[in-house]
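Encoded as structure tokens, the structure appears first; notes follow it.
Chain naming here is simple, since letters A, B, ... match the order of the sequence lines and numbering starts at 1 in each.
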Amino acid sequence: MKEAYFPQEIEKKWQKKWEETGVFKTPEDSDKPKYYALSMFPYPSGKLHMGHVRNYTITDVIARFKKAQGFNVLHPMGWDSFGLPAENAAMKHGADPAKWTDENIAYMTKQLKMLGLSYDWDREVATCKPEYYKWTQWLFLQLYKKGLAYKKEAAVNWCDKCATVLANEQVIDGKCWRCDSVVEKKYLSQWFLKITDYADVLLKDLDKLEGWGDNVKTMQANWIGKSHGAIFKFKVKEIPDMEVPVYTTRPDTVHGITYLVVAPEYKDIEKLTTPENKHSVEEYRANARKMTEIERLSNDRVKTGVPLGTHCINPFNGEEFPLWTADYALVEYGTGAVMAVPTHDTRDFEFAKKYNLPLKVVISPKDKTLDVAEMTDAYTEEGVLINSNEFDGLKNTDAKKAITEKAVKKGFGEFKTQYRLRDWLISRQRYWGAPIPIVYCDKCGIQPVPEDQLPVLLPKDVDFSVVGKSPITTSKTFIETTCPVCGSPAHRETDTMDTFICSSWYYLRYADAKNDKKPFDKDLVNKWLPVDQYVGGIEHAILHLLYSRFFTKALRDLGLLDFDEPFKNLLTQGMVLKDGSKMSKSKGNTVDPDEIFENYGADTARLFILSDSPPARDFDWSDAGVEGCYKFLNRVWRLISSNADNISLDIPEIKAGMLKSKQNDDLVRVVNMAIKGITNDISNDFQFNTVISKYRELTNAIYEWRGAKKELDEEDKLVLSYAIVSLIKLMSPVAVHLTEEAWHELGGQGSIHEQDWCKWDEDLAKASSMTLVVQVNGKVKDKIEVDEGVSQDEMKEHALNSEKVQNAISGKTVIKTIVVPKKLVNIVVK
RNA sequence: GCCCUUGUGGCGGAAUCGGUAGACGCGUUGGACUUAAAAUCCAAUCGGGGCUCAACCUCGGUGCCAGUUCAAGUCUGGCCAAGGGCACCA
């Protein structure tokens with residue numbers, strides 16, 4: 001074995017060898033239990049960044065650990081390869097997005113292989129390939145046939161820079177998630193998926209996801225935004241037969257309504273406006289239209305509105321109140337109209353104060369009476385109803401139900417559960433995506449492309465230089481087609497699908513990646529799924545993870561699979577930082593993985609990225625830290641190479657009491673404790689940082705042991721072999737190349753990555769002596785080495801015999817003595 | 001405003017059940033080896049106080065304030081701060 005550690009040399013050698021021997025392929029005919037480890041697949045942007053390195057290393061170590069523990073592990077990789085950057089590159093350089101994408105995939109594949117990741121490359125998928133998107137289109141058609149995909153005209157989010165619409169989930173603070181430009185509202189006819197049909201079950205099933213963090217689950221719950229309330233219908237005084245329904249979560253305050261607000265885009269607003277108010281209402285609406293979402297939603301904006309001139313009648317008490325329009329009412333939520341109770345709602349209060357609308361108290365707090373003239377804020381807490389006729393005296397929490405029941409009985413209201421979640425807008429006016437397989441015929445209307453005509457291929461005769469519209473619309477060969485029903489000339493849908501559709505089912509395809517008859521075989525998917533461990537960034541907490549859950553449930557309802565949640569356990573890894581802030585090109589604080597591979601090797605990169613922080617926390621990259629890990633691997637290497645002559649892989653079982661030397665006994669104990677600790681640390685929440693500190697402790701212990709020995713006898717050699725081989729095996733999921741090289745240099749057969757995980761023996765991990773901690777009044781006074789098996793009485797005796805303890809308790813009365821077996825004695829004195 | 005997460009040395013972070021706070025590493029300081037450097041190895045490293053120095057002794061210390069307990073980083077209540085999510089959602 002060479003004296004010096006040359007990572008670049010051994011890493012290349014083993015990567016080649018592993019590819020040749022196919023160690024990381026996942027057999028289908030195994031009788032071992034299955035384990036599916038998955039990283040969120042990357043967008044092929046060009047090069048790996050450190051976030052990728054962290055993500056894939058974490059999953060890789062998990063996969064290797066599970067494999068060593070006897071699982072048949074599925075650990076695949078693929079490419080989320082549709083999307084705008086490829087198209088933008090195409091526009092800029094006049095290149096084909098497919099070519100740009102393929103080149104990036106090739107480069108990044110090379111990098112992934114350099115990292116030594118244990119993927120089964122036979123199962124690789126790329127969402128932009130026809131053999132994949134054929135099935136994306138097929139799945140769309142199944143959803144369409146089930147009524148879960150539909151087209152409608154709606155106010156949608158439009159990003160002018162990307163020249164396409166966006167889903168609600170892709171608008172962050174009123175800006176485009178990709179390019180950060182301000183999003184506008186446009187009225188367009190677009191394709192949607194009916195995710196709202198699943199709102200309730202998506203919320204409810206979050207409870208089943210015990211292996212998900214609370215942060216992600218609450219983010220999803222908030223996004224779905226379920227609320228309970230009532231719909232009340234109000235007759236319009238000036239217009240017979242006309243009603244304005246409102247949704248409220250506070251039916252208990254219904255007797256306190258003093259006005260009603262409809263959104264500027266409310267469908268019946270023109271009818272509800274009197275001729276005298278027409279002008280001001282029109283002006284207000286025009287203004288609202290011009291405003292961007294950001295301006296409109298801004299928090300510190302003063303509320304504005306104008307009266308419509310008409311009035312509604314409160315069916316509970318006959319009171320009349322005016323109708324207004326104000327942009328704090330949202331057309332897309334509830335009914336688009338709000339009953340306003342200024343005394344008990346902060347927004348209504350602010351608005352009423354500004355426009356001098358009346359206030360009426362209907363909920364009274366327990367300890368005081370509210371005086372309208374003195375109120376500076378709405379009272380939104382609990383209380384007892386007043387000014388509410390027969391409901392006076394009821395607790396407001398009880399009144400919600402009672403009042404709604406009255407409305408139901410009298411026919412002017414109903415109970416209502418409302419969700420914040422909107423349907424998923426999936427059309428994109430872009431080229432580089434899966435074409436929506438729909439044809440428009442003048443005679444037959446909207447027609448799905450027959451399944452045997454899939455895939456609808458992306459055209460090649462496309463002009464990427466067009467501005468303001470999708471490049472795909474420049475292809476005549478694509479647009480012009482015939483109607484699948486009547487055969488007359490027709491045109492194709494030019495919108496492509498949101499790339500999040502493609503990524504909503506890729507994890508299913510890995511189970512049966514090469515199937516050309518269907519998206520996947522039901523039995524294979526049922527066998528491998530759900531994913532046992534999913535690892536990825538927190539930025540997908542809502543988007544990808546919610547969509548995938550929806551897809552899984554919808555596909556189950558279509559009978560394509562038998563489970564209802566795709567990801568059993570979810571690990572959201574923290575960001576990789578440099579100097580305390582996120583790595584970014586604009587800040588110039590990026591670290592190129594290629595440079596790290598070249599200077600230190602992949603094993604150092606893998607070790608370091610796992611070493612300093614637990615996976616879920618942010619990780620601060622430091623050059624000194626990399627250096628430290630590289631030094632450690634060198635230290636491990638020297639330990640092995642300098643002792644190679646004395647190490648044999650033929651290690652007889654070591655049993656408690658078998659060894660003559662106490663030093664050897666101690667080292668064996670350290671090894672067993674390391675095996676136990678490392679195994680537990682990986683099993684509990686993948687605490688790789690403490691795993692690595694235990695590698696170091698074990699290495700230090702072996703060095704220390706070796707330093708104390710001059711000549712090695714047979715027993716010493718056995719113990720040394722046991723310690724070093726255990727270290728190599730324990731380190732094999734992380735330092736994948738170094739340990740493989742060492743394994744072979746020591747005469748090992750096959751691959752270290754096919755060896756069973758180390759087992760520990762409780763008897764060997766047990767120390768013959770223990771440190772007895774003695775406290776007086778809870779403060780540590782002494783530590784005494786005692787035999788491991790001492791009785792509680794003996795512990796007490798040892799404690800009282802201590803000189804330090806005697807000093808501390810002299811002149812005082814012992815009240816009681818607490819003995820914690822195998823740990824400590826606490827003497828309480830006064 | 002509501003919700004989630006996190007607060008421990010100079011830094012990253014350890015500490016199954018409440019039971020030795022600061023494992024392991026980074027950094028720093030000192031030393032060994034060397035003509036020298038690199039590499040490597042050894043030692044020290046929470047703060048205050050006592051002792052001529054050291055060994056040692058002693059007090060305080062896990063965001064803050066209370067509480068429960070023989071014993072609290074860990075449990076309970078109330079605050080504070082940072083990060084993230086949602087947000088005129090009626």
With the side chain defined as heavy atoms from C-beta on, W223(A) is closest, among A87(B), A14(B), U20(B), to A87(B)
- Answer yes or no: does a side-chain N or O of T346(A) lie under 4.0 Å from OP1 or OP2 of G1(B)? no
Check your understanding: Given N689(A) and S613(A), is the side chain to side chain donor-acceptor pair (under 3.5 Å) satisfied, shown in steps?
Key -> CA-CA 6 Å; N689(A) 53 328; S613(A) 302; over 6 Å; no
In whole Å, what separates the C1' atom of A54(B) from that of G60(B)?
23 Å
- [ ] Could you tell me whether Q687(A) contacts a base, only the sugar-phosphate backbone, or nothing, with contacts defined as non-hydrogen atoms closer than 4.0 Å?
- [x] sugar-phosphate
Have a look at S611(A) and say if it touches a base, only the backbone sugar-phosphate, or nothing, with a 4.0 Å heavy-atom cut-off.
nothing
- Task: Name the nucleic acid region contacted by K694(A), choosing base, sugar-phosphate or nothing; use a 4.0 angstrom heavy-atom cut-off, strictly under.
- Result: nothing
Of the listed G7(B), A90(B), G85(B), the closest approach to the V338(A) side chain comes from A90(B)
Considering only heavy side-chain atoms of Y247(A), the closest of A90(B), C70(B), C86(B) is A90(B)
Testing C26(B), G12(B), C88(B) for proximity to the side chain of D612(A), the answer is G12(B)
**Study point:** Span that lies between the P atom of C65(B) and that of G73(B), in whole angstrom
**Key:** 13 Å
Heavy atoms under 4.0 Å, any strand shown: does V828(A) hit a base, just sugar-phosphate, or nothing?
-> sugar-phosphate
Taking U52(B) as the reference, what is the distance to A39(B) when you measure between their P atoms (whole Å, please)?
43 Å
To the nearest angstrom, the NZ-P distance between K823(A) and C70(B) comes to 19 Å
Euclidean distance for P, C70(B) against C4(B) (whole angstrom): 33 Å
When only distance counts, do a donor and an acceptor, one from the side chain of N222(A) and one from the base of C86(B), lie under 3.5 Å apart? no
Item to complete: Please measure how far the C1' atom in C79(B) lies from the corresponding atom in C26(B), and state the result in whole Å.
Response: 35 Å
Taking only N and O in the side chain of R635(A), is any of them less than 4.0 Å away from OP1 or OP2 of C41(B)?
yes
| Taking the P atom of each, how far is C57(B) from A38(B), in whole Å? | 39 Å
Exercise for the section: Could you check whether K822(A) gets within reach of a base, just the sugar-phosphate, or nothing at all, counting any heavy atom under 4.0 Å? Expected result: nothing
From the candidates A90(B), C4(B), G19(B), the one with an atom nearest any side-chain atom of N215(A) is C4(B)
Report task. For G31(B) versus G83(B), give the span between their P atoms, rounded off to a whole number of Å. Result -> 43 Å
Using the rule given for salt bridge (charged side-chain N to carboxylate O under 4.0 Å, His left out), can you reason through D666(A) versus R669(A), listing the C-alpha separation, both sets of side-chain angles and the distance that settles it, and then say yes or no? CA-CA 5 Å; D666(A) 285 346; R669(A) 195 184 73 245; 3.0 Å; yes
Do NZ/NE/NH1/NH2 and the carboxylate oxygens of R285(A) and E265(A) come within less than 4.0 Å? no
- prompt: If you look at every strand shown and take non-hydrogen atoms under 4.0 Å, does D620(A) touch a base, only sugar-phosphate, or nothing?
  reply: nothing
